[in-house]
Protein chains: 2
Amino acid sequence: MSRPREFDVDRVLHQTMEVFWNQGFKATSYEDLTRTTGVKKQSLYCVFKDKRSLFLKALALYREQVIAKLKEIEALDSSPGDKLDALRYSLLDDETGCQGCLIVNASLEFGTDDEQVTREAELMVEEVQLVLEKIISSGQKQQLISNRYTSIELASYLNNTILGVRVMEKSGSSREQIETVLRTSFGMIMS
Amino acid sequence: MSRPREFDVDRVLHQTMEVFWNQGFKATSYEDLTRTTGVKKQSLYCVFKDKRSLFLKALALYREQVIAKLKEIEALDSSPGDKLDALRYSLLDDETGCQGCLIVNASLEFGTDDEQVTREAELMVEEVQLVLEKIISSGQKQQLISNRYTSIELASYLNNTILGVRVMEKSGSSREQIETVLRTSFGMIMS
DNA sequence: TCAGTTATTGACTGCATGGTCAATAATTGA
DNA sequence: TCAATTATTGACCATGCAGTCAATAACTGA
């Protein structure tokens with residue numbers, strides 16, 4: 001029917017996600033994107049409409065990845081304590097070369113100006129919150145985790161801890177500093 | 001000897017600080033600055049050299065303000081618990097119309113690219129850390145604050161909590177959400 | 001083989017922006 | 001009053017960038 005696309009849309013989306021992750025939205029130019037993906041500007045326009053649309057797709061992809069990983073941990077056949085440990089380690093060792101959290105970065109870059117970006121951030125927070133609540137409340141039932149606060153409060157608390165750690169990562173804190181914060185914050189909720 | 005300056009440098013620096021605080025570095029143009037300060041581009045160049053130099057001066061001013069406020073709280077004639085409460089309330093009610101923390105915003109915008117910005121962020125974290133440690137360790141001596149962790153660990157912990165809250169503020173979380181996080185995080189360290 | 005369709009390419013446009021220049025204004029000391 | 005000095009002003013410049021356009025290439029179904 002027509003000329004076939006010469007590149008893999010999914011691969012390109014992953015790569016652009018990493019560029020945005022590293023550099024932010026405004027600081028990323030089409031030149032950056034074509035350099036890392038090997039795809040010319042106009043081809044990107046054909047598939048992804050806009051710079052902003054492309055960015056939003058990258059945000060969504062990122063969120064899916066984060067949630068998938070978190071659910072993987074939740075689905076582990078182990079105690080709530082071990083699940084929290086697994087989460088802690090996964091926060092400490094980012095396999096990608098990227099730092100911080102794309103959505104945290106985006107939230108701070110856009111503030112509350114961009115409706116869609118804000119929505120994407122809320123979505124991620126809600127989903128993370130849910131998974132954390134599940135793990136925590138099962139830990140509380142086993143008397144493993146303190147009952148001084150509700151699972152909702154503790155999930156918000158952990159969520160916020162993670163936000164802070166994402167900032168530390170991106171702003172160049174040492175692994176030791178981050179490790180201390182994670183150990184203390186996660187340890188604190190154990191009864 | 002020469003023509004006197006027609007504007008107050010300090011006033012202008014405060015105003016530019018707020019613009020950068022609200023909009024970030026890249027998103028702020030000289031037009032924005034002249035609009036809010038009433039001072040023309042070239043005059044700003046005369047006094048502050050560069051956009052980046054101006055930004056760095058704003059960062060330093062911001063840091064001084066934050067530290068001053070924190071030391072004010074520390075110098076209060078009240079218990080460590082009350083001091084922590086005062087800190088918590090001050091985090092909850094920002095008197096300026098600005099959201100988040102200028103230096104956190106800057107850290108995320110620049111990553112670790114800019115030597116000076118990174119240094120400024122480190123400076124602030126160190127200073128905050130010191131004040132927090134003092135309050136915490138005196139609270140620990142009075143058995144008010146848990147001795148399960150060292151004052152250094154708890155100060156890092158609180159510092160990170162504050163980072164997270166700054167992100168929440170900027171990304172549009174509700175006052176209730178922030179209040180919950182602060183209450184839980186600050187409450188958690190009490191023995 | 002050809003018509004229709006979509007992808008690719010590179011050139012182009014318009015605009016915003018950081019930074020500079022040169023002319024002019026205001027001030028003070030001699 | 002004038003010379004020296006610094007502030008102010010508005011015009012100007014170079015650049016980088018998002019987005020568009022038009023020409024061409026590749027593919028398929030008829």
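Just so we're on the same page: letters track the sequence lines, and every chain starts at 1.
- Annotation: of the two residues near DNA chain D, A:Gln42 and A:Phe25, the 5′-most nearest-nucleotide partner is A:Phe25.
- Residue A:Lys40 has no polar side-chain atom (N or O) positioned under 4.0 Å from OP1 or OP2 of C:dT8.
- In this model, the phosphate group of C:dT5 is not approached by any side-chain N or O of A:Arg3 to a distance below 4.0 Å at OP1 or OP2.
- Residues B:Leu158 and B:Ile136 are in side-chain contact: their nearest non-hydrogen atoms beyond the backbone lie under 4.5 Å apart.
- The listed nucleotides are D:dG19, C:dG19, D:dT8; the one nearest the side chain of B:Tyr45 is C:dG19.
- To the nearest angstrom, P of C:dT24 lies 18 Å from CD of B:Glu6.
- Here the P atom of nucleotide C:dA22 and the NZ atom of B:Lys41 are 16 Å apart, to the nearest Å.
- If you find the closest nucleotide of DNA chain D to A:Lys49 and to A:Glu31, the one lying nearer the 5' end belongs to A:Glu31.
- Across all strands, B:Thr34 comes closer than 4.0 Å to no nucleic acid atom at all (heavy-atom distances).
- For the residue pair A:Ser156 and A:Gln129, a side-chain donor N or O sits within less than 3.5 Å of a side-chain acceptor on the partner.
- For B:Ser2 and C:dT28, the shortest distance from a side-chain N or O to OP1 or OP2 is not below 4.0 Å.
- Classification of B:Arg119 and B:Glu122 as a salt-bridged pair holds, one side-chain N sitting under 4.0 Å from a carboxylate O.
- Each of A:Ser43 and B:Asp50 has a nearest nucleotide on DNA chain C; the 5'-most of these lies closest to A:Ser43.
- Closest approach to the B:Arg5 side chain among D:dA18, D:dT8, C:dT8 is made by D:dT8 (side chain taken as heavy atoms from C-beta onward).
- Between A:Tyr30 and the phosphate of D:dA18, there is no side-chain N or O to OP1/OP2 separation shorter than 4.0 Å.
- Distance CZ (A:Phe7) to P (D:dA26): 16 Å, rounded to an integer number of Å.
- At least one cation-pi condition fails for A:Lys51 and A:Tyr30: the charged atom is not both under 6.0 angstrom from the six-membered ring centre and inside a 45 degree cone around its axis.
- Between the side chain of B:Lys51 and the base of C:dG19, no donor-acceptor pair under 3.5 Å is found.
- Using a cutoff of 4.0 Å between basic side-chain nitrogens and carboxylate oxygens, B:Glu72 and B:Lys69 are not scored as salt-bridged.
- Nearest to the side-chain atoms of B:Pro4 among the listed nucleotides C:dT9, D:dT8, C:dT27 stands C:dT27.
- Here D:dC17 presents its C1' atom at 14 Å from NZ of B:Lys26, a figure rounded to the nearest Å.
- In this structure, B:Leu33 places its CG atom 15 Å from C1' of C:dA16, rounding to the nearest Å.
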